[in-house]
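Letters A, B, ... are given to chains in the order of the sequence lines, protein chains preceding strands, and every chain is numbered from 1.
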Amino acid sequence: MYPFKFVRENLDLLKKTAELKNQKVEWDKFEELDNERRRLIMFIEERKKWQKDLTEKISREKENKDLITPLINQARKYSDEINEAENRLNKIEKELEKIISFIPNIPHSSVPVGKDEKDNVVVKEWGEKKEKNFQVLPHWEIGEKLGILDFQRGSKITGSFFPVFKGVGAFLVRSLINFMIDLHIKNGFKEVWVPSLVNRDSLFNTGQLPKLEDDMYYLERDDFFLIPTAEVPVTNLHKNEVLNEDDLPIYYVAYTPCFRREAGAYGKETKGLIRVHQFDKVELVKFVKPETSYDELETLLQEAEKVLQLLNLPYRVVLLCSGELSFAGSKCYDIEVWCPGVEKWLEVSSCSNFESFQARRANIKFRRKDGKTDYVHTLNGSGIALPRTIIGIIENYQTENGEIIVPDVLRDYMKMERIAI
RNA sequence: GGAGGGGUAGCAUAGUGGUCUAAUGCGGCGGAUUGCUAAUCCGUUGUACCGUCGAAAGGCGGUACCGUGGGUUCAAAUCCCACCCCCUCCGCCA
């Protein structure tokens, strides 16, 4: 969310970025209303000044009725004029804010310009796609055979794409969450537990609203939303705060369930655990000084990569092009794990720098040593999302006789070497 | 859900219609004193917007901001209404 002045002074740049991100904005209307807003402010402020002077005179001469009666009449006139102009100003500012709220964040200069996923750049590949001398089954087949996944019963309870994990499957979910959180705590992240329901304001601040309203579950009675990611509650932890420079950087790790309606996504990559309405995720969030945020993005990416390296799952890192960047993002890396059963790279993490975009909306500042305040930069990355990681484990660690070897790093948690019938 | 108390600049607190242009303390920043630290003393102090000057840092002039939004009034931190949040107690409840 940019201030009016910034938009006014950077119209060309913002128009270009909105185009790159395929976002429609009412630019002409903005210019017209912005001019009118400034005219009105000048009109109002002038009259307020006059009114103030009169008020002072009235106050001084309040004993002298004959003298102040005409003054009061004049002041009343100003008061009416101010009132009327302010009503118009309020309307105009609301309209302007609505227009501005649809202006997306500006991509960083290192982001490749492009339209769709074909223009993304693979910047790294890690691990080996091991050749197996047997046909690797997709996770839903082997998972149901082993009794650790149950899609039928999930849809009975709620609807399709609400999976059930059973027995060792449920234990695997719990173990992965603990493994990931333990890892991140060891590397300096502070664990937080936050609400999974949030208000409109919080979603606006992180940039999900106004654009993605239809993609979220909504509780009408209370005007709350179920979170699509822990990014929303964790980033809003410091809404309307002024942090101390010495407190930065702040690193948080949070486990939460995530809820996504995935409106219109049916039929595409939706089998098994690939795309579900409710899933678990361990999320990393950083609050940092602007001058360090791009270094912080690289270390955030490394932190997320560590999870896959320790699980020994082959993955690649993709730098998103401008057209694929989210509304609020300045730069974003996706991490995709190779899943040989479905023969696809599946996204398990998205690491983004939002620069000051979210901090402006959420009003999160910090005070520098010289006393000046500045907006923090916020970053977040999944560290990492569970269902697709589980796909990766089931499909990469599958044996010929239909068992799953437990990755070394999880054996401390699960106290077993293989998942078998 | 009910009753009462509260929300004032980074924090803590004062302020019940008109020099409030929001006081005071702490903290922060700058300086003085000083073997070191501490203490003391002096100065300074927020945010947003509009106009104007400037390449910029910023300067100057103005307006607004006392939880949020309305209302009364010539004039609101102060009076009235609604809502939000925090605290205490009661009720209900996993």
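If you take CG of D34(A) and P of G51(B), they are 9 Å apart, rounded to a whole angstrom. Between L54(A) atom CG and G18(B) atom P there is a gap of 18 Å when expressed in whole angstrom units. Rounded to an integer number of Å, the gap from CG of N363(A) to C1' of A48(B) is 10 Å. One atom, CG of N83(A), and another, C1' of G69(B), lie 15 Å apart when rounded to the nearest Å. The CG atom of N240(A) sits 14 Å away from the C1' atom of A9(B) (whole-angstrom rounding). We find that CG of N199(A) is positioned 18 Å from P of C83(B), with the value rounded to whole Å. Following rounding to the nearest Å, F43(A) (CZ) and C49(B) (C1') show an atom-to-atom distance of 18 Å. Atom CG in N90(A) sits roughly 15 Å away from atom P in U68(B) (whole-Å rounding).
Figure legend. A14(B) is base-paired to no nucleotide; pairs are counted as Watson-Crick or G-U wobble with both atom distances under 3.5 Å. Nucleotide A75(B) forms no Watson-Crick or G-U wobble pair with any nucleotide shown, as no partner meets the under 3.5 Å limit on both distances. Figure legend. C93(B) is base-paired to no nucleotide; pairs are counted as Watson-Crick or G-U wobble with both atom distances under 3.5 Å. Pair check for A3(B) finds U88(B); Watson-Crick or G-U wobble, both atom distances under 3.5 Å. Within the shown strands, U68(B) is the pairing partner of A82(B) under the Watson-Crick or G-U definition, both distances less than 3.5 Å. The partner of C49(B) is G62(B), judged by Watson-Crick or G-U wobble contacts that both fall below 3.5 Å. Within the shown strands, nothing qualifies as a pairing partner of A39(B) under the Watson-Crick or G-U definition with both distances less than 3.5 Å. Pairing for A23(B) is absent, judged as Watson-Crick or G-U wobble with the two contacts each under 3.5 Å.
When the C1' atom is compared between A22(B) and G17(B), the two are found 15 Å apart, to the nearest whole Å. When the C1' atom is compared between G15(B) and C66(B), the two are found 11 Å apart, to the nearest whole Å. U78(B) and A14(B) have their C1' atoms separated by 13 Å, given to the nearest Å. C20(B) and G27(B) have their P atoms separated by 27 Å, given to the nearest Å. On the P atoms, U52(B) is 32 Å away from U44(B), given to the nearest whole Å. Distance noted for atom C1' between C84(B) and G70(B): 15 Å (whole Å). Distance noted for atom C1' between G61(B) and A76(B): 26 Å (whole Å). Comparing C87(B) with A82(B), their P atoms sit 23 Å apart, to the nearest whole Å.
Between K52(A) and C74(B) there is no side-chain N or O to OP1 or OP2 distance below 4.0 Å. Side-chain nitrogen and oxygen atoms of S59(A) include none within less than 4.0 Å of the OP1 or OP2 phosphate oxygen of C74(B). The side chain of R38(A) contributes an N or O atom lying less than 4.0 Å from OP1 or OP2 of G51(B). OP1 or OP2 of U45(B) has not a single side-chain nitrogen or oxygen of R367(A) nearer than 4.0 Å. Using a 4.0 Å cut-off, some side-chain N or O of S79(A) falls inside it from OP1 or OP2 of A75(B). The phosphate of A75(B) (OP1 or OP2) has a side-chain N or O of Q51(A) nearer than 4.0 angstrom. One finds a side-chain N or O of R37(A) lying less than 4.0 angstrom from the OP1 or OP2 phosphate oxygen of C50(B).
When every heavy atom of A328(A) is checked against every heavy atom of F354(A), the shortest pair comes out as O-CD2, 3.2 Å. Scanning both residues, K239(A) and D201(A), for their nearest heavy atoms gives NZ-OD2, 2.8 Å. Scanning all heavy atoms of the two residues, the minimum distance from V276(A) to P387(A) falls at CG2-CG, 4.3 Å.
Within 4.0 Å (heavy atoms only), K365(A) reaches sugar-phosphate atoms of the nucleic acid but no base atom. K77(A) comes within contact range of no nucleotide atom at all, as no heavy-atom separation falls under 4.0 Å. Using a 4.0 Å heavy-atom criterion, one finds that R8(A) contacts the sugar-phosphate atoms exclusively. I41(A) comes within 4.0 angstrom of sugar-phosphate atoms only, judged by non-hydrogen atoms across all strands, and of no base.
Taking the six-membered ring for Trp and thresholds of 30 and 60 degrees, F161(A) and H277(A) have ring planes more than 60 degrees apart, a perpendicular arrangement.
Where E45(A) and R76(A) meet RNA chain B, the nucleotide closest to each residue was compared, and E45(A) sits on the side nearer the 5' end. Comparing E46(A) and L71(A) by the nucleotide of RNA chain B that holds the closest heavy atom to each, the one mapping nearer the 5' end is E46(A).
Taking CD of Q358(A) as the start and CD of Q208(A) as the end, the distance is 7.5 Å to the nearest 0.5 Å.
The cationic group of R39(A) does not satisfy the cation-pi geometry with F43(A), failing either the under 6.0 Å distance to the six-membered ring centre or the 45° limit from the ring axis. K286(A) forms a cation-pi arrangement with Y251(A), by the criterion of a distance under 6.0 Å to the ring centre and an angle within 45° of the ring axis. Relative to the six-membered ring of F327(A), K211(A) misses at least one condition, a distance below 6.0 Å or an angle of at most 45° to the axis.
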